[in-house]
Amino acid sequence: MSANEGNLIIEGVRILDPSRDLDAKGHLVVQEGKVTACDAGPAPEGGVDLPRVDAKGLVVAPGFVDLHVHFREPGFEDKETIETGSAAAAAGGFTTVVTMPNTSPAVDTAAVVHLVRNKGLAAGQCRVLPAAAVTHNLEGKSMCQYGDMVDAGAVALTDDGQPVRDAGLFRHVLEYSRILGVPVITHAEDETLSAEGVMHEGKWSTRLGLKGIPAAAEVVGVARDIELARLSGARMHVAHVSSRGALELIRRAKDQGVAVTAETAPHFLDFTDADCATYDSRFKMRPPLRSMDDQQALVEALADGTLDCISSDHAPHTPNEKEQPFDLAPFGVVGLETAFAACHDRLVRRGSFSLLDLVRLMSLAPARIIGSEGGTLRPGAAADFTLIDTETSWMPRERDLLSKGRNCPWLGRSLTGRVQATYLAGRLTHGQRWAQEAVAR
Ligand SMILES: [Zn+2]
């Protein structure tokens, strides 16, 4: 660690701090890993002697928070590791990620929670916060020791990758979660409806001759889980919402005071089931890409608050697995490194969202759901932030991905807005150029 690590002044930057509704040109001062000043106007001259970075033309935002990533470790290190996943997160501007427990072994004991946390600390690229399993080995049968896992650092409970089939058991899990003060994240799906489907059920699945997963598979799952959240009074977060029908239920539940929050993923905002016409498995995930009408509903729901935040659902697989024919390839796409740019293009450049709206959806809003202190540039906060060039167009290339996964649907597509640097507690985790400039001053 160099003497100056964790200390710097960023000048001439556009500050976007959703915790203060602040969008202004100003400066950010970081000392010993914490924000000590972040205000409109020029940085004070003299006084503290810190390395200065001229960030004219760039935006500084709180580090992004992703409530839904699969880092595959332990057990599937050929797909991703906590180290490679963390590097991909930093490259995407993320400083906090919540990892899903569908590993091998599953994150179903305090020991595995510790393992994931410690590997995250060792990688040192972002705050890796494990979500713990709802049932042993995600088998949907017996409950885990939630208190021990939360004490060990688990921030949420979920069997993500699949729903908890037993509604009675899920009700009790929600009741426990209330006592422990952590949200339950639900992968809402009726598997008897999704069955052997591989893409959204509609005119495209018919035309392509692929088995469909009806939107009803998600809607039925969300309907059940909302009733269980209502019954238990627990905080429930709906993962990767993809359909208009599910949004209508979530909107109504929120109006009625049910403690439900929800997210969608960047790929649902940028692609539809028509993209499956290439038979390219980079467009295969679960839930699947849905219709244009569903996509429109997702954008409206982000605008009216029905959806609280955006999570990547970063789900790497090995190239060999994904190179199989569409109907055989595993579900999942990688998205940490492209999430900001994809959403910036879709929601800000082509939509009616402000940059501050988008930053809120990717930082403060998800941080609040897990009770994390991230998502703010207020003085006193940890200096977790990202510097973004919102004007630059670029094309994600396979060889540039830091994730082990190659299954990224944005490869070869032009995106606008690129993360230039990411800092975790004032330490550079992505963007070598910035470190050199800071030292040169
Ligand atoms: Zn899921």
Side-chain angles (χ1 to χ4, degrees), residues 66-72 75-76 79-80 85 97-104 106-108 129-135 137-140 154-165 170 173 183-195 197-200 213-226 228-229 236-243 246-247 250 260-269 271 281 283-290 294 298 307-317 329-336 339 366 369-370 405 407 409:
D66 193 330
L67 298 186
H68 203 113
V69 303
H70 296 270
F71 280 180
R72 306 301 191 195
F76 305 106
K79 295 175 193 271
E80 191 81 289
V97 298
V98 177
T99 52
M100 294 296 109
N102 56 341
T103 50
S104 180
V107 185
D108 60 3
L129 308 178
V134 162
T135 62
N137 203 29
L138 286 77
E139 286 170 354
V155 297
L157 305 176
T158 183
D159 268 1
D160 183 67
Q162 56 197 340
V164 177
R165 287 166 209 102
F170 198 45
V173 172
V184 172
I185 300 174
T186 178
H187 170 121
E189 178 182 344
D190 185 314
E191 293 168 303
T192 64
L193 289 170
S194 45
V198 297
M199 69 171 288
H200 175 60
I213 299 174
E218 178 174 271
V219 181
V220 170
V222 167
R224 185 200 79 168
D225 292 345
I226 282 174
L228 298 177
M236 185 182 75
H237 180 69
V238 187
H240 43 59
V241 177
S242 67
S243 65
L247 293 167
I250 293 165
V260 59
T261 55
E263 71 191 25
T264 191
H267 45 260
F268 294 130
L269 304 174
F271 303 105
S281 72
F283 299 101
K284 180 178 179 183
M285 72 292 288
R286 190 184 194 102
L289 296 173
R290 299 211 184 269
D294 290 302
L298 291 169
L307 288 171
D308 297 84
C309 65
I310 298 170
S311 307
S312 70
D313 197 3
H314 177 85
H317 294 288
F331 293 95
V333 299
V334 298
L336 279 168
I369 290 168
I370 50 162
N407 46 309

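Order of listing sets the numbers, starting from 1, for every ligand and every atom in it. Atom set for the values below is all heavy atoms of this structure, side chains included, hydrogens, waters and symmetry mates excluded.
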### Task
Output all residues satisfying ring-ring contact (aromatic ring centres under 6.0 Å, His included) with F271, sequence neighbours left out; order by chain, then residue number.
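Residues passing ring-ring contact (aromatic ring centres under 6.0 Å, His included) with F271: F283, W410.
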### Pairing residues for P287 by the side chain to side chain contact (heavy atoms under 4.5 Å, CB included) criterion, not counting sequence neighbours
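Per chain and number, P287 pairs via side chain to side chain contact (heavy atoms under 4.5 Å, CB included) with E218, H240, S242, F268, R290.
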### Query
By side chain to side chain contact (heavy atoms under 4.5 Å, CB included), which residues pair with D190, not counting sequence neighbours?
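Counting only residues at least two positions away or on another chain, D190 forms a side chain to side chain contact (heavy atoms under 4.5 Å, CB included) with T192, L193, V220.
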### Query
Does the side chain of H70 come under 3.5 Å of the side chain of D160 through a donor N or O and an acceptor N or O?
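Side chains of H70 and D160: pair found under 3.5 Å.
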### Task
Would you list the protein N, O or S atoms within less than 2.8 Å of the Zn ion (ligand 1), leaving out water?
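N, O, S partners closer than 2.8 Å: D160 OD1, H187 ND1, H240 NE2.
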### Query
Only one of V238, D225, T186 forms a side-chain contact (heavy atoms from CB on, under 4.5 Å) with V260, so which one is it?
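In the set V238, D225, T186, the residue that makes a side-chain contact (heavy atoms from CB on, under 4.5 Å) with V260 is V238.
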### Message
Using 0.5 Å steps for rounding, measure from the CD1 atom of I370 to the SG atom of C309.
### Response
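The SG atom of C309 is 9.5 Å from CD1 of I370, to the nearest 0.5 Å.
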